[in-house]
Amino acid sequence: MGYSGGAVLDGPTLGGELAMIIGLLLLILVAIVVAVLGIAFTGGPSHSITAFGQHLATLNGPELFALGIAVGLVFCLGFWMLGVASRRRRATRADLRAARRQAAEAAQQRDELAARLNEPAVTAPRPEHYAAPVEPTDRYADGTGTVDAGRHVAR
């Protein structure tokens, strides 16, 4: 399922806000690198990368391809971190809603039981045809002899 712990941690955690912030920063970084490479691409066998008037690197075809793969992996990592953070956040909110609902149900049940304790006790009337308990006899059914009933005989 998801996060189902009882305690909610204060502050950013790797599964929460911090992961979302890092994921967004990685996506922004990828966008900047792609923009710089797109603007700096001049064609030819080697490509000179400059940003803000500063020469950063000179890349040939295979180096540029490897850089593209690395940028793509960083993009995937950032997107994955955003997904993890949103799932964690959704699970935490669901747990919080469930805890609030359970607390409300417990409070309602407590109030009902308290109201029941304050009501006067109602006893059911005894029916008129109520029969008294049958007394044990110390004779057999035919009236002869005695029955040793042991501890069950009233003495």
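For the numbers below, each heavy atom of this structure counts, side chains included, while hydrogens, waters and symmetry mates do not.
Residues T92 and L96 form no side-chain contact, since every pair of their non-hydrogen atoms from C-beta on lies 4.5 Å or further apart.
One finds the CG atom of L77 at 10.0 Å from the CG atom of L82 (value rounded to the nearest 0.5 Å). Q102 contributes atom CD, which lies 7.5 Å from atom CD of E105 (distance to the nearest 0.5 angstrom). Summarising the geometry, atom CE belonging to M20 is positioned 11.0 Å from atom CG belonging to L18; distances are rounded to the nearest 0.5 Å.
Contact detail for S86 and G83: the closest heavy-atom pair is OG-O, 2.9 Å.
Here the rule is side chain to side chain contact (heavy atoms under 4.5 Å, CB included) with F75, and of V34, L29, V30 only V30 fits it.
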Would you please test R90 and R93 for side chain to side chain contact (heavy atoms under 4.5 Å, CB included) and show each step? CA-CA 5 Å; R90 193 173 30 239; R93 277 194 240 141; 5.7 Å; no
Quick one, Q108 with D111, criterion side chain to side chain contact (heavy atoms under 4.5 Å, CB included). Give me CA distance, side-chain angles, the key distance, then yes/no. CA-CA 5 Å; Q108 181 182 5; D111 294 343; 5.7 Å; no
